[in-house]
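Note sheet for the following structure.
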Number of protein chains: 2
Amino acid sequence: MGMVRWEPGARERLQAAAMDLYISRGYEKTTAADIAQAVGLTERTFFRHFADKREVLFSGQELLEQAILEALAAAPQGAAPLDMVASALSALAAFFPVERRVHSRRRQTIISANPALQERELLKMAGLAAVVAAALRARGVSGSTATLAAESGVTVFSVAFGKWIAEGEERSFLDIQREVLGELLAMTAGAA
Amino acid sequence: MGMVRWEPGARERLQAAAMDLYISRGYEKTTAADIAQAVGLTERTFFRHFADKREVLFSGQELLEQAILEALAAAPQGAAPLDMVASALSALAAFFPVERRVHSRRRQTIISANPALQERELLKMAGLAAVVAAALRARGVSGSTATLAAESGVTVFSVAFGKWIAEGEERSFLDIQREVLGELLAMTAGAA
DNA sequence: GTCTATAGTGCGATAGAC
DNA sequence: GTCTATCGCACTATAGAC
């Protein structure tokens, strides 16, 4: 139990401190130096861990992409594009267990209040859609159909996420997502 | 014909100069001062016209929103959500006549090369989707179905836009958009 | 770790149009 | 006199370069 030069988990502590400050003071009124100072580090160190002030709220993307790719790889050969997307969506649900709902809600509150953060979130979602579309194309789905299926998947995910974090909502992410996918199918089936 | 204190159309001249510089030097290597100087203005004046360096590439959004709202208002009462969306999409096609294809292509080349610009574009698209969704809700479409229909509309628009500016493409924006909407319907109809 | 360029803001001054 | 477009200057924070 000697003096350690630096506590481990700097990245995680920075993320936690950022969320707290973004909530208490607001995102724009919080400087990178504020966040670093809150955990005993320097501004320079903050930017070593995160490319910019927004990125501190958006990590873990790689894990989602990996889960998506595994789910798509496991889908039966010759499955319909939207069925493959549905498999990927089910795989994502594992990342949103009940225990995470409070954290997700806090995080979304911050993002909803700041256009700059919304931009970053949209870019991340677009990145997920691109990954899905590329995987579908690799499985033989035609170019634009792959994009349409992938974007539809992201839309279903986003709408389901919004419902999942709604106040008073009790159902699991998976159940909600299934319902939303059903709504999408009903909606498209109802057009002339 | 005396010396005027300032030439009219500052905004438009700044937009044109920005596109030229973003292409010749790259977006990141172009400063706001560069753009302003190119049209005989100061950096401070640039920021009076545009909230930030990205925004100079994204104006005219209001016109699109207005056209969308008019199209949705004109749609027959009780129409299916996706049919109303299709009306809105048709109205948008008027903004993309053949003459504009070269300009659109140049602009998209710049955006595609810069994540910061992609973020802004995604935010603008999300704004369009929100407008559509709100209008659908006002016409009695249920909350999540309205969002799903609106987002699907934006996806169709984006995919169609990408095809329209593709090298060698000759068809009208409207024709391409109709085709993409058909692909979307076929894709969703093919799921289990 | 320090140094620096750039983005973006706030405020006061100027000068013509109405 | 008021309104609008512009300039000029000082300032902070971000982010990248050294």
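Quick caveat: nothing in here was measured; it's all calculated off a predicted structure. Note on naming: letters A, B, ... go to the chains in the order of the sequence lines (proteins, then strands), and numbering restarts at 1 for each one. Excluded from the calculations below are hydrogen atoms, water molecules and symmetry mates; all remaining heavy atoms, backbone and side chain alike, are included.
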- Could you write nucleotides 4-12 of chain C as a row of B, S and -, 5' to 3', where a protein heavy atom under 4.0 Å of any base atom gives B, of only sugar-phosphate atoms gives S, and otherwise -? --SSBBBB-
Lys/Arg N to Asp/Glu carboxylate O, [X] vs [Y], below 4.0 Å:
| X | Y | answer |
| --- | --- | --- |
| B:Lys124 | B:Glu119 | no |
| A:Glu169 | A:Lys163 | no |
| B:Asp34 | B:Lys53 | no |

- Query: Does one hydrophobic cluster hold both A:Val141 and B:Leu184, with members joined at side-chain heavy-atom distances below 4.5 Å?
  - Reply: yes
- Item | Side-chain donor or acceptor of B:Arg139 paired with backbone N/O of B:Leu72 under 3.5 Å | yes
- Message: Does B:Arg107 qualify as a cation-pi partner of B:Phe58, given the criterion of NZ or CZ under 6.0 Å from the six-membered ring centre and within 45 degrees of its axis?
- Response: yes
- Task: Under 4.0 Å from any heavy atom of chain B: name the first and the last nucleotide of DNA chain D that qualifies, 5' to 3'.
- Result: D:dA5 to D:dC9
- Query: Is the ring centre of A:Phe161 less than 6.0 Å from the ring centre of A:Phe95?
  - Reply: no
